[in-house]
Visitor: 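Could you have a look at this structure, given as structure tokens, before my questions?
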Amino acid sequence: MWGNVRGRGETPARASPTGFPELKNDTFLRAAQGEETEYTPVWCMRQAGRYLPEFRETRAAQDFFATCRSPERCCELTLQPLQRFPLDAAIIFSDILVVPQALGMEVEMVPGKGPTFPEPLKEVEDLLKLRQKVDVAAELDYVFKAITLTRHKLEGKVPLIGFSGAPWTLMSYMIEGGGSKTMAKAKAWLYRHPKASHCLLTLLTEVIVDYLVGQVAAGAQALQLFESHAGHLGPEQFAEFALPFIQSIAKQVKSKLQKDALPAVPMIVFAKDAHYALEDLAQSGYEVVGLDWTIRPQEARQRTGKSITLQGNLDPCALYAPKEKIGELVKRMVEGFGSQRYIANLGHGLYPDMSPEHVGAFVDAVHMHSRHLNKSQ
Ligand code: CP3
């Protein structure tokens, strides 16, 4: 199943793979599209990650981006958490930093330090070093191959989510050259070089649109945009340097999908620490708004209205609590959001030292409490 199939019978403008196994569990897609569900679907950001011993084994002694370039390894890593837990969606194993690589930048994953750009953008003139026209089909073909392979290997168990970093988050990495506490270098660009910043964000937007459309053509059944560094911006900078590009991505992706007779897949926007923009995000063209843990479920519902699906938002550190406590916290969260138009998740990714058993307790608690809540209503 393709979710909402639009333009059936028309000749697709691009050759995309067909003949995928039929989808058996569409709960996640139904919740994303605002349809009624029997229970609340659940998945976890970074569900394919180092907290799983089998993940550490597959990744051992392998370069991170070499792993990302191997469709077979990406497929294997994507499937690992589903073999353990009854999750309702898979997310393709990859990284947001493959987009700066496609623009011609070098990025390494340094163990213990994280992503590192040996030559970050320093001056405005450095923008000229970036590829101004990116052949996404060629540069990111390995991600598309991973998605197609994984879609087959999933055997229709659950839908497959594709993703990209959002423009501001990618820009901040490209300027900072890695993680940063303050984002001072990247934010200095916004204040000193607003025009050049707009140019870079526009270039990133173009690549991201083609990249997301390509993921759907390859078999992705939903898309998530990660604006992980939204919290470093205040309301005004977010309104100028993040929101317009986030909106433009949803609009352009949807119109290209329609034009190419590809499925109209649900889109999720996750702008971490951006509650100041919650009302705007709810109207930015995405079916689902992802939330971090610093907002109350009831407040998020009040501020976003009834026509949006919310996703989130348990503090990842709650998984350090005893299992009974995780159950209580999940119960409160599900009651707060309500069991419908809701996709349970953590408020950010899992950490490497978390216990797989506690992840399982989280998933089971969502299913159990949402079924109860559905029955009692
Ligand atoms: O399971 C999934 O969620 C899918 C795979 C996924 C990864 N990265 C795998 C990964 C996704 C969706 C991402 C997105 C990503 N990458 C984001 C946005 C989400 C977020 O966390 O806010 C960001 C900011 C990145 C950049 C990045 N990649 C960081 C900060 C790190 C951690 C560095 C470290 O050493 O802790 C990575 C590496 C990375 N990406 C890992 C995984 C599983 C861990 C490193 C490894 O496997 O060796």
Side-chain angles (χ1 to χ4, degrees), residues 42-70 73-85 87 89-101 105 107-117 143 146-147 150 158 160-174 176-181 183 186 208 211-212 215 220 222-232 268-274 290-293 311-313 316 345-354 356 359 363:
V42 55
W43 67 282
C44 298
M45 289 190 268
R46 288 274 166 91
Q47 63 190 30
R50 283 172 292 183
Y51 72 103
L52 290 176
E54 58 272 30
F55 178 97
R56 296 195 295 269
E57 207 168 291
T58 311
R59 286 268 306 105
Q62 286 280 330
D63 173 69
F64 178 78
F65 287 109
T67 305
C68 290
R69 283 169 190 268
S70 159
R73 283 181 178 270
C74 290
C75 174
E76 187 189 342
L77 292 169
T78 303
L79 298 180
Q80 282 178 349
L82 291 136
Q83 281 141 13
R84 276 191 186 245
F85 317 114
L87 293 155
I91 179 160
I92 191 68
F93 176 85
S94 186
D95 201 83
I96 60 167
L97 300 176
V98 299
V99 166
Q101 288 176 335
M105 294 187 83
V107 190
E108 297 158 8
M109 193 61 70
V110 181
K113 188 173 166 210
T116 307
F117 292 62
V143 180
I147 288 174
T150 306
V158 292
L160 180 61
I161 307 170
F163 69 89
S164 172
W168 154 248
T169 296
L170 293 179
M171 170 181 171
S172 65
Y173 271 112
M174 289 160 78
E176 295 291 339
S180 157
K181 280 213 168 78
M183 300 288 155
I208 291 165
Y211 182 41
L212 291 174
Q215 292 187 47
L223 297 169
Q224 175 153 322
L225 191 72
F226 287 93
E227 189 71 286
S228 303
H229 295 171
H232 291 275
I268 308 166
V269 60
F270 173 65
K272 191 172 174 290
D273 295 317
L291 302 165
D292 64 77
W293 64 94
Q311 174 178 282
N313 76 341
N345 204 316
L346 302 170
H348 202 197
L350 286 157
Y351 303 147
D353 65 348
M354 282 173 169
V359 174
V363 172

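Counting starts at 1 for both ligands and their atoms, in listed order.
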Visitor: Hey, which atoms in ligand 1 end up nearer than 4.0 Å to a heavy atom of F93?
Guide: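 It comes down to these atoms of ligand 1: 9 (C), 43 (C).
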Visitor: Say whether K113, considering both its backbone and side-chain N or O atoms, lies within less than 3.5 Å of an N or O atom on ligand 1.
Guide: no
Visitor: For the residue pair Q62 / S70, report whether a side-chain donor-acceptor contact shorter than 3.5 Å exists.
Guide: no
Visitor: Taking only residues two or more places apart in sequence or in another chain, which ones pass salt bridge (Lys or Arg N to Asp or Glu O under 4.0 Å) with E54?
Guide: R84
Visitor: Looking only at protein heavy atoms, which one is nearest to atom 41 (C) of ligand 1, and how far off is it?
Guide: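 For this ligand atom, the closest protein heavy atom is F64 CE1, 3.7 Å.
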Visitor: How far is atom 32 (C) of ligand 1 from its nearest protein heavy atom, and which residue and atom is that?
Guide: R46 NH1, 4.1 Å
Visitor: For ligand 1 and L97, I'd like to know whether there is a polar contact (N/O to N/O, distance under 3.5 Å).
Guide: no
Visitor: Does ligand 1 have a heavy atom under 4.0 Å from the side chain of M109, from its backbone, from both, or from neither?
Guide: side chain
Visitor: Considering residues at least two apart in sequence or located in another chain, which fulfil the ring pair (Phe, Tyr, Trp, His ring centres under 6.0 Å) criterion with F226?
Guide: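 Expected list: F163.
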Visitor: At what distance is the nearest protein heavy atom to atom 24 (C) of ligand 1, and which residue and atom is it?
Guide: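 Of every protein heavy atom, Y173 OH, 3.4 Å lies nearest to atom 24 (C) of ligand 1.
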Visitor: Any nitrogen or oxygen of H348, main chain or side chain, under 3.5 Å from a nitrogen or oxygen of ligand 1?
Guide: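 Right, the criterion is met.
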Visitor: At what distance is the nearest protein heavy atom to atom 36 (O) of ligand 1, and which residue and atom is it?
Guide: R50 NH2, 2.7 Å
Visitor: For F117 versus M105, what's the shortest heavy-atom pair and its separation?
Guide: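 Nearest heavy atoms, F117 then M105: CD2-CE, 3.7 Å.
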Visitor: Let me see the working for S164 and Q215 under side chain to side chain donor-acceptor pair (under 3.5 Å), right down to the final yes or no.
Guide: CA-CA 10 Å; S164 172; Q215 292 187 47; 5.8 Å; no
Visitor: For atom 8 (N) of ligand 1, which candidate among L225, I92, T116, D95 provides the closest heavy atom?
Guide: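 Among L225, I92, T116, D95, the closest heavy atom to atom 8 (N) of ligand 1 belongs to D95.
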Visitor: Verify whether one side chain among T67 and R59 offers a donor that lies under 3.5 Å from an acceptor in the other.
Guide: yes
Visitor: Quick one: nearest non-hydrogen protein atom to atom 23 (C) of ligand 1, plus distance?
Guide: I96 CD1, 3.4 Å
Visitor: Test of understanding: given a 4.0 Å heavy-atom threshold, classify the contact between R59 and ligand 1 as side chain, backbone, both, or neither.
Guide: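 Side chain only.
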Visitor: Could you pull out, from G49, S94, C44, A48, the option with a heavy atom nearest to atom 9 (C) of ligand 1?
Guide: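 The residue whose heavy atom sits nearest atom 9 (C) of ligand 1 is S94.
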Visitor: So, the side chain of D292 versus the backbone of G347: is there a donor-acceptor pair under 3.5 Å, distance only?
Guide: no
Visitor: Closer than 4.0 Å to some heavy atom of G114 - which atoms of ligand 1 meet that?
Guide: 33 (C), 35 (O)
Visitor: Does CD in E57 sit with more than 12 non-hydrogen atoms of other residues, nucleotides or ligands closer than 6.0 Å?
Guide: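 Counting other residues, nucleotides and ligands, CD of E57 stays at 12 neighbours or fewer.
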Visitor: How about L160 and I91: do any of their side-chain heavy atoms sit closer than 4.5 Å?
Guide: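 SC-SC contact between L160 and I91 ruled out.
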Visitor: Atoms of ligand 1 less than 4.0 Å from S228 heavy atoms?
Guide: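 Selected atoms, number and element: 18 (C), 19 (C), 20 (C), 22 (O).
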Visitor: With side chains defined as the heavy atoms from C-beta onward, is the minimum distance between Y211 and V98 less than 4.5 Å?
Guide: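 Side chain of Y211 against side chain of V98, heavy atoms only: contact under 4.5 Å found.
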Visitor: Counting only heavy atoms, tell me which of F65, F163, Y351 gets closest to atom 11 (C) of ligand 1.
Guide: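 Checking each option, the heavy atom nearest atom 11 (C) of ligand 1 is found in F163.
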Visitor: F55 heavy atoms, cut-off 4.0 Å: which ligand 1 atoms fall inside?
Guide: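 Reading through ligand 1 atom by atom, the close ones are 43 (C), 47 (O).
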Visitor: With no hydrogens and no angle check, is any side-chain donor or acceptor of N345 less than 3.5 Å from a backbone partner on M45?
Guide: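 Judged by distance alone, yes, a pair lies under 3.5 Å.
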